[in-house]
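The structure appears right after this line, and notes come after that.
Values below: all heavy atoms of this structure, side chains included; hydrogens, waters and symmetry mates excluded.
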Amino acid sequence: ASLPEMIGSIVAASKGHATLAVGTVIGSNLMNVFLVLGITAYVAPIDLGQRMHVVDLVGLVVITLLGVLTLRGSRKISRAEGLCLILAYVAFLVASAIF
């Protein structure tokens, strides 16, 4: 997500509008995947024969599983769970930069 979307989500969540924060994140991801990737592929075809980096694959799976685990049951993310998701994202960025 971009910085304005992240700030908007933080402000919405701090004012008690959690659904707006989640909607912003989901909408941003859908826009990035479909519009940005679509335009990029239209301008210059993307070679799908390239292998995905192992760090990217593991990070994607781990962060997705953490997200699913935090939204089970009460469907509320506690501060500790939020911190865990943030740390997982930072670890992913560090691992991507190193490998």
Side-chain angles (χ1 to χ4, degrees):
S2 68
L3 187 59
E5 293 159 341
M6 186 170 68
I7 298 297
S9 292
I10 291 170
V11 169
S14 68
K15 292 185 177 186
H17 302 288
T19 54
L20 180 61
V22 172
T24 299
V25 171
I26 291 171
S28 167
N29 288 327
L30 288 174
M31 181 72 103
N32 285 336
V33 169
F34 294 114
L35 183 65
V36 174
L37 186 61
I39 290 172
T40 303
Y42 180 76
V43 171
I46 299 171
D47 183 17
L48 296 178
Q50 296 176 351
R51 292 180 11 183
M52 179 183 267
H53 292 266
V54 174
V55 172
D56 295 336
L57 180 61
V58 170
L60 176 69
V61 170
V62 168
I63 291 176
T64 300
L65 289 175
L66 283 173
V68 169
L69 288 174
T70 57
L71 292 175
R72 73 195 185 294
S74 68
R75 296 194 180 249
K76 289 187 178 182
I77 299 174
S78 69
R79 289 184 190 263
E81 291 169 333
L83 179 62
C84 182
L85 289 170
I86 291 170
L87 292 175
Y89 179 66
V90 169
F92 169 71
L93 289 179
V94 169
S96 293
I98 292 173
F99 302 106

Is there side-chain contact between V36 and T40, with at least one heavy-atom pair below 4.5 Å? yes
* Asked: Cluster question for you: counting only ILVMFWY and a side-chain heavy-atom cut-off of under 4.5 Å, with indirect links fine, are V90 and V55 together?
  -> yes
d(D56 CG, L60 CG) to nearest 0.5 Å is 8.5 Å
request  = For residues V58 and F92, determine if any side-chain heavy atom of one lies less than 4.5 Å from a side-chain heavy atom of the other.
outcome  = no
A88 and I63 have their tightest heavy-atom pair at O-CD1, 3.9 Å
To the nearest 0.5 Å, atom OG1 of T24 lies from atom CD1 of I7 at 12.0 Å
- Task: Answer with yes or no whether the hydrophobic clustering places M31 together with V43; edges join I, L, V, M, F, W, Y residues whose side-chain heavy atoms lie under 4.5 Å apart.
- Result: yes
Is there a path from V33 to Y42 through hydrophobic residues (I, L, V, M, F, W, Y) whose side chains come within less than 4.5 Å of each other? no
In one Ile/Leu/Val/Met/Phe/Trp/Tyr side-chain cluster, 4.5 Å: L85, V62:
yes
Margin query: Side-chain heavy atoms nearer than 4.5 Å, only ILVMFWY residues, links allowed to pass through others: does that put M6 and V11 together?
Written below: yes
